[in-house]
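The chains referred to below are lettered A, B, ... by the order of the sequence lines, with proteins before strands, and numbering in each begins at 1.
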Number of protein chains: 2
Amino acid sequence: MHNPAMNTMTTSNDYEQQLRQAGVRITRQRRIILNILSDSEDHPDALEIFRRAVEIDNSISLSTVYRTMKLLEEQGAIHRHAFNGGPSRFEHAGSDHHDHIIDMESGDVVEFHSEKIERLQEEIARELGYEIVHHRLELYCRKIKK
Amino acid sequence: MHNPAMNTMTTSNDYEQQLRQAGVRITRQRRIILNILSDSEDHPDALEIFRRAVEIDNSISLSTVYRTMKLLEEQGAIHRHAFNGGPSRFEHAGSDHHDHIIDMESGDVVEFHSEKIERLQEEIARELGYEIVHHRLELYCRKIKK
DNA sequence: GTTTATGCAAAACGTTTGCACCCTC
DNA sequence: GAGGGTGCAAACGTTTTGCATAAAC
């Protein structure tokens, strides 16, 4: 896909522009973290992001990672998860909403989406007098052995 | 040391028997905590359980609360939640499984259950090669204003 | 009497914050 | 140049742990 006019891809450059528009300064550190996040297929925690960042710039600090994660969360650029009540793990707020299967043996995270479940959630909340702001659906699973 | 048949107990007596059967010693502290849990309509965290326990026995310690919560969780007697990534909050593992609506303004927790959602979850997991061990569904909501 | 639980204090853990200096706009 | 961002170290809130004592079985 190579169409400079139609920019539907989520590169960290896009995010930089959006963040700039929101009045966020793009520092060297923030750029590094944004790149790490858009390159990540997994759901790293702050320490792991810090480790990956240090390989690019060994002067970066863990506090900056934490501060940046909070900022990006507020800007809606990332999502924060607390699987198993463990440390926060982050992912790029890509295009589509999705939920998570957590492999209890490996810790791997698989994403899925069910429009049916989403609708049922809305229905249930509405019946109880609530509107959903956001939700969290996590399936803690084991691989089925064949 | 004799075993009085009469003990001013609530429903936690059932739990005591089950725990005894599992080889768990019923100490004064554990009895107090079990009572607090079966009396609680809300989802208190460890500190709140500690506060309630101190009113009954002011020599109880916070470590004992934490150790007991871990034990009871392992025994399947309670469930642990980490709403919003905050401190663990606990509830008696009552009869039925249910999920949670968290009122974002008040912090109140409303319980609900949807057999349809449960079935859809199973279906999705199976299709991806997983079996669900347990799951977590939390709807972070605002009250609808009329 | 043996085994296990407790209380206390200290440590561990993930995260936030105060401050002096540095960089982006 | 002004205002916000950074690194560092120290503080934080939650949870765990080592150890000597106490209680359950």
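- Each of B/Tyr66 and B/Arg28 lies near DNA chain D, and the nucleotide nearest B/Tyr66 is the one positioned closer to the 5' end.
- Distances from the side chain of B/Arg30 to the nucleotides D/dA9, C/dG7, C/dA5 place C/dA5 closest.
- Side-chain contact annotation: B/His97 with B/His135, donor-acceptor N/O pair under 3.5 Å present.
- Using cut-offs of 30° and 60° for the angle between ring planes, the B/Phe83 and B/His81 rings count as parallel.
- Counting only heavy atoms from C-beta on, B/Arg25 has its side chain closest to D/dA24 among D/dG3, C/dT6, D/dA24.
- For A/Ala46, counting side-chain heavy atoms from C-beta on, the closest listed nucleotide (D/dG5, D/dC25, C/dT15) is C/dT15.
- For B/Ser59, the side-chain atoms get nearest to C/dG7 when compared with the rest of C/dG7, C/dA5, D/dC25.
- Within the nucleic acid shown, A/Arg89 has no heavy atom closer than 4.0 Å to any nucleic acid atom.
- Rounded to an integer number of Å, the gap from A/His81 NE2 to C/dT15 P is 14 Å.
- For the atom pair CZ of A/Phe112 and CD1 of A/Ile101, the computed distance is 5.5 Å after rounding to the nearest 0.5 Å.
- B/Ile60 comes within 4.0 angstrom of the backbone, heavy atoms only, and of no base.
- Following rounding to the nearest Å, B/Glu74 (CD) and C/dA5 (P) show an atom-to-atom distance of 11 Å.
- Distance B/Leu62 CG to D/dT16 P: 10 Å, rounded to the nearest Å.
- For residues 110-126 of chain A, no residue pair satisfies the salt bridge (Lys or Arg N to Asp or Glu O under 4.0 Å) rule, not counting sequence neighbours.
- For the pair A/Glu16 and A/Arg20, the salt-bridge criterion is met [side-chain N within less than 4.0 Å of a carboxylate O].
- The side chain of A/Ser61 contributes no N or O atom lying less than 4.0 Å from OP1 or OP2 of D/dC8.
- Remark on DNA chain C: of its neighbouring residues B/Val24 and B/Ser63, the 5'-side contact belongs to B/Val24, judged by nearest-heavy-atom nucleotide.
- Within the 4.0 Å cut-off from OP1 or OP2 of D/dT15, at least one side-chain nitrogen or oxygen of B/Ser88 is found.
- Of the two residues contacting DNA chain D, namely A/Gln29 and B/Arg80, the nearest-nucleotide position lying further toward the 5' end is that of A/Gln29.
- Atom CG of B/Asn58 and atom P of C/dT6 are 16 Å apart (whole Å).
- Taking atom CZ on B/Phe50 and atom C1' on D/dT16, their separation rounds to 16 Å, with Å as the unit.
- Atom pair B/Ile49:CD1 and D/dT14:C1' shows a separation of 14 Å (rounding to whole Å applied).
- Side-chain proximity of B/Thr27 to the nucleotides C/dA5, C/dT17, C/dT24 is greatest for C/dA5.
- Residue-to-nucleotide contacts include no donor-acceptor pair under 3.5 Å from the side chain of A/Arg67 to the base of D/dG4.
- The aromatic rings of B/His43 and B/His100 stand perpendicular to each other, their planes meeting at an angle above 60°, with 30° marking the opposite boundary.
- Distance B/Asp57 CG to D/dA23 P: 11 Å, rounded to the nearest Å.
- Separating the CG atom of A/Asn84 from the P atom of D/dT14 is a distance of 20 Å, rounded to the nearest angstrom.
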